[in-house]
Amino acid sequence: MFALADCNNFFVSCERVFRPDLEGKPVIVLSNNDGCAVARSNEAKALGIKMGEPYFKIRPIVEQHGVKVFSSNYALYGDMSRRVHAVLRDFAPAVEQYSIDESFLDLRGMMIADLDAYAKEISASCRHLTGIPVSVGIAPTKTLAKIASKLCKKFPRLRGGCYMHRPQDIEKVLCTYPVEDVWGIGRRSAKKLSAMGITTAWQFAQLKEYEVCKSFALPGWRTWKELHGEPSVDFEDQMEPRQSLCVSRSFAHELTDVRDLCAQVATFAESAVRKLRKQGSLVLEMAVFAMTNRFHENDPQAFSSELVVFPDGTDDHATLVAAASEAVRALFDKRFSYKKAGVIFTRMAQRDGFQRALFRDAEADDRQERLSRALDSLASEYGPGTVLFGVQGDGRVWMAQENRSPQYTTRWSDIPTASVK
DNA sequence: TCTGGGGTCCTAGGACCC
DNA sequence: TCTGGGGTCCTAGGACCC
């Protein structure tokens with residue numbers, strides 16, 4: 001059996017832990033730059049606010065019903081996520097953190113007499129120890145566990161825990177479960193299925209195995225088997241190092257000065273290097289991109305990018321910050337106004353065991369490494385942006401964040417921001 | 001010009017996830 | 001006026017190898 005623990009309306013719940021007065025009231029959390037709604041309390045959902053809806057479109061509802069609005073506070077959400085995960089680790093020998101608000105628990109080999117009670121106990125512990133409400137579904141496969149956890153949200157009398165295993169129960173649930181809500185069935189497949197007259201998970205499960213293979217290939221076949229109770233998605237409890245890494249942001253205002261764009265992108269690169277070094281990797285290839293505002297259809301549009309290669313690999317702050325700002329100078333075109341930019345490390349390798357060039361200047365490398373280590377420790381001790389490269393300007397990223405809550409549980413966030421109205 | 005039977009690696013694009 | 005920011009896996013086709 002597998003369990004899925006899913007935090008309810010996670011970002012909203014994080015805000016409510018420190019604002020208990022907002023319990024029972026409509027609350028939403030916005031994406032970066034206060035762009036669109038990415039988390040909604042049940043009360044906000046009931047008002048018809050949709051996931052991903054732009055803020056300016058829902059503003060009338062917000063004002064009419066006094067919806068409490070928060071800018072996103074990822075430092076807070078990341079920290080609360082760690083706390084929930086720490087609680088979950090006490091309930092199973094192996095836990096896979098699947099996303100910021102979801103974890104799978106591997107219950108195979110555990111002797112638990114009453115799994116339904118166990119699910120409810122996990123949920124109650126998370127609530128008690130972190131303040132976050134969590135829905136826990138237990139089922140024979142990960143895909144079914146996700147469905148079971150959804151039932152907890154729909155039926156409060158389940159008290160946050162649901163064990164779904166008897167075939168007749170699974171059939172009953174799948175018969176009313178929309179196929180597009182099944183984990184692994186995305187928009188495209190749902191559309192294809194709908195054209196075939198298939199709208200429920202149960203109808204999908206009734207397809208012939210060869211038909212599923214033919215029309216939906218390997219991923220579809222796995223989902224089909226999972227719905228039949230046959231585990232087909234691996235349990236991945238040990239974190240592999242990332243294969244790619246991206247730091248990008250939209251800006252509060254469009255940028256037209258190359259120095260401004262350089263400063264922002266240099267700060268993205270600096271943040272990316274800290275992430276890279278934390279996982280012990282080197283970059284072999286970096287893409288730097290900048291783009292115009294795609295919603296301003298009448299303005300001239302551009303998506304420019306520059307690829308920089310490091311055949312010998314690097315994890316050096318100065319090298320990458322300099323390369324990123326040079327790339328910006330190369331791609332910048334004064335005819336355009338840039339709304340969004342970022343750096344992507346598109347090829348990476350583990351530092352340990354990486355074969356470096358034979359004739360490199362080892363002494364210079366060593367000096368650079370000591371500088372990078374000093375920058376790492378300054379950032380972790382005093383916060384990112386304490387010490388900057390000149391090209392970074394004041395080291396702040398220009399974002400609109402009118403309603404960010406305090407950093408209740410951490411000292412700082414990953415990228416310092418300059419709030420712009 | 002035609003001719004066999006294997007392989008690997010890389011890339012772009014699609015589909016999916018949160 | 002105002003529209004987020006990350007990731008992974010799979011597949012097909014091309015280029016190349018013997």
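Below, read A as the first sequence line, B as the second, and so on, with proteins coming before strands; counting in each chain starts at 1.
Across all their heavy atoms, A:Phe354 and A:Ala349 have their closest contact at CD1-CB, 3.7 Å.
Residues from residues 290-298 of chain A lying near DNA chain C, meaning a heavy-atom separation below 4.0 Å, are A:Arg294, A:Phe295, A:His296 in numerical order. Within residues 175-194 of chain A, the residues approached by DNA chain B to less than 4.0 Å at the level of any non-hydrogen atom are A:Val182, A:Trp183, A:Gly184, A:Ile185, A:Gly186, A:Arg187, A:Arg188, A:Ser189, in residue-number order.
Aromatic rings from A:Phe2 and A:Phe104 are positioned such that their centres are separated by 6.0 Å or more. Taking the centre of each ring, A:Tyr118 and A:Tyr163 stay at or above the 6.0 Å mark.
The local environment of CZ in A:Arg159 is sparse, with at most 12 non-hydrogen atoms from other residues, nucleotides or ligands closer than 6.0 Å. More than 12 heavy atoms of other shown residues, nucleotides or ligands fall within 6.0 angstrom of atom CZ in A:Phe18.
A:Asp34 comes within 4.0 angstrom of no nucleic acid atom, judged by non-hydrogen atoms across all strands. Within 4.0 Å of A:Lys340, counting heavy atoms only, lie sugar-phosphate atoms of the nucleic acid but no base atom. Contact annotation for A:Glu53: no contact, since no heavy-atom pair falls under 4.0 Å across all strands. Residue contacts shown for A:Ser244 are limited to sugar-phosphate atoms, with no base heavy atom under 4.0 Å away. Residue A:Ile100 is classed as having no contact, given no heavy-atom separation below 4.0 Å to the nucleic acid. Heavy atoms of A:Arg222 sit under 4.0 angstrom from primed sugar atoms or phosphate atoms, though from no base atom.
For the side chain to side chain contact (heavy atoms under 4.5 Å, CB included) with A:Met164, the lone residue among A:Ile147, A:Asp116, A:Leu115 that qualifies is A:Ile147.
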Revision key, fill the gap. Applying the Watson-Crick and G-U criteria (both distances under 3.5 angstrom) with [ ] for crossing and | for other-strand pairs, one obtains for DNA chain C ....||||||||||||||
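The residue among A:Val247 and A:Pro219 whose nearest nucleotide of DNA chain C lies closer to the 5′ end is A:Val247.
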Exercise for review: Please assess A:Lys172 against A:Asp169 for the test salt bridge (Lys or Arg N to Asp or Glu O under 4.0 Å), listing each intermediate value before the final yes or no.
Suggested key: CA-CA 5 Å; A:Lys172 201 173 150 196; A:Asp169 295 338; over 6 Å; no
Practice item. Carefully, step by step, assess A:Glu96 and A:Lys142 under the rule salt bridge (Lys or Arg N to Asp or Glu O under 4.0 Å). Key: CA-CA 11 Å; A:Glu96 171 191 345; A:Lys142 288 168 115 183; 2.9 Å; yes
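Among pairs with a residue in residues 173-190 of chain A, those fulfilling side-chain hydrogen bond (donor to acceptor under 3.5 Å, both in side chains) read A:Tyr98-A:Trp183, at least two apart in sequence or across chains. Applying the salt bridge (charged side-chain N to carboxylate O under 4.0 Å, His left out) test to pairs two or more places apart or on separate chains, those with a residue in residues 326-350 of chain A are A:Asp333-A:Arg335.
Using a 4.5 Å cut-off on side-chain heavy atoms (C-beta onward), A:Asp376 and A:Arg274 make contact. At a threshold of 4.5 Å between non-hydrogen side-chain atoms, the residues A:Val38 and A:Ser72 do not count as touching.
Read 5' to 3', the first and last nucleotides of DNA chain B with an atom closer than 4.0 Å to a heavy atom of chain A are B:dA15 to B:dC18.
Taking the six-membered ring for Trp and thresholds of 30 and 60 degrees, A:Phe204 and A:Phe216 have ring planes more than 60 degrees apart, a perpendicular arrangement.
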